[in-house]
Amino acid sequence: MKLFKIIAVTMLLFAGFSNLGAQTPQNAAPVEVYYFHATNRCVTCQAVESVTKETLKQFYGDQIVLKSINQDEDKTNPLIKKHKIAGQTLLVLKGDKAVNLTNYAFMNARNNPDKLKEKIKETIDKM
């Protein structure tokens with residue numbers, strides 16, 4: 001009987017320790033991608049949005065979807081204040097972590113979209 005108790009306690013301890021540090025996908029914060037823009041947009045602004053949408057669809061299917069926010073129409077959106085959005089902005093968020101890809105996106109969306117795609121994927125995969 002004493003051996004049975006030792007085995008039972010040992011099994012319980014191993015079961016408890018095996019779950020330490022484990023994180024299930026349900027507990028992890030989701031990655032979110034936002035593109036803030038004005039009503040009137042130039043060709044580059046439109047390219048940033050389309051390349052980002054295409055990238056997310058290609059690499060993540062429907063798991064990560066671009067959320068496009070028109071700042072002129074949605075001035076009270078809490079994300080605008082929280083992230084101090086003042087112009088066209090491409091943000092990748094996960095929990096409290098935010099990565100601003102705006103400059104990189106505007107430099108590459110039209111002339112080097114594959115470079116932008118790689119950067120978006122790399123950023124999301126690191127989160």
Side-chain angles (χ1 to χ4, degrees):
M1 189 61 135
K2 187 175 182 181
L3 180 62
F4 175 75
K5 288 181 181 178
I6 292 172
I7 292 172
V9 169
T10 304
M11 289 176 63
L12 287 172
L13 286 173
F14 279 121
F17 287 124
S18 68
N19 288 329
L20 287 178
Q23 187 175 29
T24 61
Q26 294 86 0
N27 295 338
V31 173
E32 300 175 299
V33 181
Y34 291 92
Y35 180 54
F36 299 89
H37 61 84
T39 300
N40 296 320
R41 297 190 284 169
C42 66
V43 176
T44 305
C45 295
Q46 293 169 355
V48 169
E49 183 174 14
S50 65
V51 170
T52 304
K53 277 184 185 178
E54 183 181 316
T55 304
L56 296 175
K57 186 71 171 171
Q58 177 182 349
F59 293 110
Y60 306 102
D62 293 331
Q63 292 178 351
I64 302 174
V65 179
L66 177 66
K67 295 167 185 106
S68 186
I69 298 174
N70 184 328
Q71 297 174 83
D72 295 333
E73 296 174 1
D74 193 3
K75 293 178 183 181
T76 60
N77 188 307
L79 292 173
I80 293 172
K81 185 176 181 180
K82 180 179 180 179
H83 296 286
K84 299 175 181 153
I85 306 298
Q88 283 74 338
T89 306
L90 179 61
L91 278 183
V92 179
L93 305 173
K94 182 172 184 179
D96 291 334
K97 185 175 181 180
V99 178
N100 187 329
L101 295 177
T102 307
N103 290 338
Y104 199 89
F106 275 83
M107 287 189 312
N108 293 290
R110 289 186 60 207
N111 297 325
N112 202 348
D114 288 337
K115 193 171 181 180
L116 175 56
K117 286 181 180 185
E118 289 173 24
K119 184 68 170 178
I120 293 169
K121 183 176 184 327
E122 174 188 313
T123 301
I124 291 171
D125 290 348
K126 284 183 178 178
M127 296 182 109

Taking the side chain as every heavy atom from C-beta outward, state whether [X] and [Y] have any pair of such atoms under 4.5 Å apart.
X: Lys119; Y: Glu122; result: yes
X: Leu116; Y: Asn112; result: no
X: Tyr35; Y: Thr52; result: no
X: Tyr60; Y: Val31; result: no
X: Leu90; Y: Val33; result: yes
X: Leu91; Y: Ile85; result: yes

If you draw a 6.0 Å radius around [atom1] in [X], do more than 12 non-hydrogen atoms from other residues or ligands fall strictly inside?
X: Asp114; atom1: CG; value: yes
X: Lys67; atom1: NZ; value: yes
X: Asn103; atom1: CG; value: no
X: Asn40; atom1: CG; value: no

State plainly whether one hydrophobic cluster holds both [X] and [Y], where clusters connect Ile, Leu, Val, Met, Phe, Trp and Tyr through side-chain heavy atoms under 4.5 angstrom apart.
X: Tyr34; Y: Tyr104; answer: no
X: Val51; Y: Leu56; answer: yes
X: Leu79; Y: Val48; answer: no
X: Phe59; Y: Val65; answer: no
X: Val99; Y: Ile124; answer: yes

About how many Å separate [atom2] of [Y] and [atom1] of [X], when rounded to the nearest 0.5 Å?
X: Gln58; Y: Lys117; atom1: CD; atom2: NZ; result: 4.5 Å
X: Asn108; Y: Ile120; atom1: CG; atom2: CD1; result: 10.0 Å
X: Lys121; Y: Thr55; atom1: NZ; atom2: OG1; result: 10.5 Å
X: Leu66; Y: Glu49; atom1: CG; atom2: CD; result: 6.0 Å
X: Glu32; Y: Ile64; atom1: CD; atom2: CD1; result: 9.5 Å
X: Gln63; Y: Lys57; atom1: CD; atom2: NZ; result: 11.0 Å

Closest contact, heavy atoms only, [X] versus [Y]:
X: Ala98; Y: Leu93; answer: CB-CD2, 3.3 Å
X: Ala86; Y: Gln71; answer: C-OE1, 4.2 Å
X: His37; Y: Ser68; answer: NE2-OG, 2.9 Å
X: Cys45; Y: Arg41; answer: CB-CB, 3.7 Å
X: Ala47; Y: Arg110; answer: CB-CG, 3.6 Å

Taking only residues two or more places apart in sequence, or in another chain, which ones meet Glu118 in a salt bridge (Lys or Arg N to Asp or Glu O under 4.0 Å)?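 Residues passing salt bridge (Lys or Arg N to Asp or Glu O under 4.0 Å) with Glu118: none at all.
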Output every pair passing side-chain hydrogen bond (donor to acceptor under 3.5 Å, both in side chains) with a member in residues 75-90, not counting sequence neighbours, ordered by first then second residue.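 Output for this query lists Asp74-Asn77.
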